[in-house]
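In what follows, a structure is listed as structure tokens, so that the remarks can point back to it.
Excluded from the calculations below are hydrogen atoms, water molecules and symmetry mates; all remaining heavy atoms, backbone and side chain alike, are included. Here the structure is a predicted model, which is why all the values come from computation and not from measurement.
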Amino acid sequence: MMMSHRCFFDLLPAELLHILFSYFSGHEILISFYDLSDYMNAILQSYSAYKLNFKSISRYNFDHICRNIRPEQIISLTLCDSDDTSGQSELFFSYFQIQQFIRLQSLTLIEIEFKSLEFIFYNLSKLNQLRSFSFNTSTIRHTYGPMDLNFENKLQQINSMLIHTYAQILPQLKFLNLNGGWILESIQLSNLQHLKLGSCSIDKLETITHLAPQLKSLDICINFGEMNFQSIILPSQLTRLNLKIDFFPVSMDYMEYFLSNCFYLKHLELHLTGFTDLADGQRWQTLTNSLVTFNFKFDTHICFKVIEQIFDSFRTSFWLEEKQWFVAYYNDYLFSIPYFAPEQVDSSYQSMIYSIASDNTIFYNHVNKFTVRKDKIGKYYFTNINVLKLKYSISLKYVLRIVDLNQVKHLSILSLEYLLKFMPISKKLPSLYELSVKNDITKHAIKRMLTYSLEQIQKLTIRINDKYNEYIIEELFRLFPYTKYLIYKSHIPSIYIMIRLINGFEYLLNASFISCGPFSNQEQIFRYDPDVIVSRIKRLTYGTSFCRIYHIPNNGSEFIINWWIEEQVGFFLCNTNIINILPFYSYLAIKI
């Protein structure tokens with residue numbers, strides 16, 4: 001159906017709009033500009049450089065994109081089967097076939113189900129334009145069922161697929177991100193320029209660098225094998241190196257030899273455990289003189305008596321003026337600031353901070369997570385705290401002395417009653433949208449909150465006292481009326497409890513139920529046939545919902561049930577326009 005209305009963007013040529021689109025992600029483009037006008041819809045249909053990242057996307061936006069895009073328009077794709085989008089990969093391939101992505105250049109797979117991986121890897125060689133690939137075998141999600149309990153056999157099957165598939169596609173790649181390098185030992189990587197490996201030995205690294213003669217960027221963690229740096233010199237053409245070495249102490253002599261061949265290196269990042277000679281600013285100055293960026297974190301114990309002497313070697317004009325690289329020592333780590341300054345601080349640790357910066361403001365401004373464990377707190381004031389965890393019943397006046405509450409987005413407390421200290425929340429915690437309550441929510445706590453309605457809370461993590469769970473659950477709907485994301489960390493005595501919570505929170509989009517015990521015997525069929533409860537959840541459209549059960553090896557009876565839900569009632573999404581909302585659908589994902 002043709003639209004009669006026009007908009008400002010109709011005045012702009014397609015070429016200019018395509019340039020504008022390059023600054024947005026694929027879902028931002030399709031959500032923001034879809035149905036503005038017939039002209040804009042035609043522009044969207046002609047654009048052929050969409051970059052789609054489906055991590056943590058809502059179900060509505062996911063379906064909207066899949067229905068309004070052609071696979072040949074996509075050049076970058078990220079699929080994710082994590083807890084808030086479980087089963088996404090299979091749903092995606094119900095819309096498209098792999099061979100349709102004739103222009104796809106980049107593919108990233110995050111926590112993908114085994115069933116989808118089989119389909120993807122058997123067809124991956126059909127992506128002739130693929131130049132970038134990212135995948136971690138350790139995060140594979142294994143579907144649960146009576147015939148699918150042998151996880152080790154599944155892993156062997158995956159490895160067999162990987163060997164066959166990688167031999168076909170790796171020679172054409174320019175960028176590769178894997179969790180391990182074992183499979184790369186015999187594959188020629190003639191076009192590879194950027195490599196990231198989560199785990200590798202020093203001898204395998206030597207083999208890989210010989211197989212990748214064009215390698216320019218290397219991000220690697222060396223964590224097993226003999227640490228013989230004399231056996232390898234890094235490729236001379238490297239311009240960027242991110243090196244992490246676990247479990248092995250490293251000396252400055254080793255690092256000087258290891259980096260001796262990197263004549264074109266411009267960007268260096270190091271995570272090392274080492275000897276005290278690593279803390280030598282003069283030797284690092286010689287080694288890094290030609291670098292544009294240099295960031296490091298050294299786990300090395302320095303005696304406080306010599307710390308000023310060590311810092312003097314980093315106080316030269318080279319460090320402070322020419323490069324403006326600042327160094328700090330805290331909690332047995334010597335590191336670059338602000339790059340490696342800790343993002344979270346615990347009040348129970350009162351270690352002194354040593355720094356060559358003029359003051360420690362650069363250090364404290366980097367902290368965004370603060371945990372209070374005891375009444376004795378430091379004298380420092382943190383202005384950028386996004387996550388505040390109160391694991392100790394401390395008075396509000398003490399909290400105000402150390403944290404700017406205006407920036408707090410996530411508050412974690414021991415009990416629900418503690419929230420009374422922050423009333424009215426909209427004034428004392430204006431940015432708050434996520435609340436976590438560690439202990440069971442009791443009937444007594446609920447009664448103390450009867451006069452409140454916490455409308456700004458959108459994400460809620462709770463436990464519930466079994467004895468009064470029905471009363472408590474009904475009151476939660478009133479107390480947190482706009483909850484969109486629910487994490488429930490209690491034993492689930494009945495499927496009814498789960499159904500009631502999903503039905504009761506009117507705006508719920510995602511829910512996770514984490515339990516440490518099994519369902520009752522009469523409900524065990526739920527593990528093998530989750531569809532038995534779909535019809536009992538009034539918010540689900542039965543014909544479009546489906547479920548997943550994920551097996552977690554070596555995890556006893558604990559299980560987690562994830563729901564991906566969309567609202568039944570349309571609402572307006574605003575960016576640069578108002579979007580016509582399609583009917584909402586629901587998706588059930590269960591992991592056991």
* Ile497 and Tyr488: CA distance, side-chain angles, deciding distance, side-chain contact (heavy atoms from CB on, under 4.5 Å) verdict -> CA-CA 11 Å; Ile497 298 297; Tyr488 180 92; 3.9 Å; yes

* To do: Take Phe92 and Tyr95 through the ring pair (Phe, Tyr, Trp, His ring centres under 6.0 Å) test and state the conclusion after the steps.
  => CA-CA 5 Å; Phe92 181 81; Tyr95 282 102; 7.6 Å; no

* Asked: Going through the distances and angles, do His271 and Phe340 end up as a ring pair (Phe, Tyr, Trp, His ring centres under 6.0 Å)?
  -> CA-CA 10 Å; His271 311 239; Phe340 278 116; 5.0 Å; yes

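The main-chain N or O of Lys174 is never found under 3.5 Å from a side-chain atom of Asn191 such that the two would form a donor-acceptor pair. Not one N or O on the side chain of Gln237 forms a donor-acceptor pair closer than 3.5 Å with the backbone of Lys216. Formation of a donor-acceptor pair under 3.5 Å by the Glu113 side chain with backbone atoms of Gly87 is found in this model. Looking at Thr165, its side chain never comes within 3.5 Å of a backbone N or O of Leu162 through a donor-acceptor pair. Without hydrogens or angle criteria, His366 side chain to Pro338 main chain gives a donor-acceptor distance under 3.5 Å. No donor-acceptor pair under 3.5 Å is formed between the side chain of Asn295 and the backbone N or O of Tyr339.
Taking the salt bridge (Lys or Arg N to Asp or Glu O under 4.0 Å) definition, one finds that Glu72 meets it with Arg70, sequence neighbours left out. Partners of Phe275 under the side chain to side chain contact (heavy atoms under 4.5 Å, CB included) rule, at least two apart in sequence or in another chain, are Pro249, Ser251, Asp277. Under the side chain to side chain contact (heavy atoms under 4.5 Å, CB included) criterion, Asn53 pairs with Lys55, Thr78, sequence neighbours left out.
By the 4.5 Å heavy-atom criterion applied to side chains, Val250 and Thr273 are not counted as neighbours. In this structure, the side chains of Leu241 and Leu259 come closer than 4.5 Å at one or more pairs of heavy atoms. At least one side-chain heavy atom of Ile120 sits under 4.5 Å from a side-chain heavy atom of Leu109. Proximity of Leu486 to Leu501: side-chain heavy atoms (C-beta onward) are separated by under 4.5 Å at one or more points. Contact of the Ser412 side chain with the Lys438 side chain is not registered, since no non-hydrogen atoms from C-beta on lie closer than 4.5 Å. Residues Gln73 and Leu44 are not in side-chain contact: their nearest non-hydrogen atoms beyond the backbone lie 4.5 Å or more apart. Residues Lys51 and Ile75 are in side-chain contact: their nearest non-hydrogen atoms beyond the backbone lie under 4.5 Å apart. No side-chain heavy atom of Leu195 sits under 4.5 Å from any side-chain heavy atom of Asp219.
Nearest approach of Ile208 to Cys200, heavy atoms of both residues: CD1-SG, 4.2 Å. Minimum interatomic distance between Leu104 and Ser76 (heavy atoms only, all atoms of both residues): CD1-N, 3.7 Å. Residue Leu127 comes nearest to Ile98 through the heavy atom pair CD2-O, 3.5 Å, listed as atom of the first residue, atom of the second, then distance. The shortest heavy-atom contact between Lys369 and Ile385 is N-CD1, 3.9 Å. Across all non-hydrogen atoms, the minimal contact from Glu111 to Ser82 is OE2-CB, 3.3 Å.
Side-chain N/O atoms of Glu269 and His267 include no donor and acceptor closer than 3.5 Å. Remark: the Ser25 side chain and the Glu28 side chain contain an N/O donor-acceptor pair separated by less than 3.5 Å. When only modelled atom types and interatomic distance are considered, Asn179 and Thr137 share a side-chain donor-acceptor pair under 3.5 Å. Using modelled atom types, one finds no donor on one side chain facing an acceptor on the other under 3.5 Å when comparing Tyr485 with Asp84. Side-chain contact, Ser89 with Ser116: a donor N or O sits under 3.5 Å from an acceptor N or O.
The distance between the ring centers of Phe296 and Phe335 does not fall below 6.0 angstrom. Two rings, from Trp284 and Phe298, have their centers less than 6.0 Å apart. Side-chain rings of His164 and Tyr122 stay apart, their centers remaining 6.0 Å or farther from each other.
Taking the six-membered ring where tryptophan is involved, the planes of His64 and Tyr60 are essentially parallel, since the angle between them stays under 30° and well short of 60°. Ring geometry for Tyr166 against Phe121 counts as perpendicular: the plane angle is over 60°, on a 0 to 90° scale with 30° as the lower cut.
Within a 6.0 Å radius of CZ in Phe96, other residues, nucleotides and ligands contribute more than 12 heavy atoms.
With Phe54 as the partner, the side-chain contact (heavy atoms from CB on, under 4.5 Å) test is satisfied by one option alone out of Asn61, Leu91, Leu77, Thr85: Leu77.
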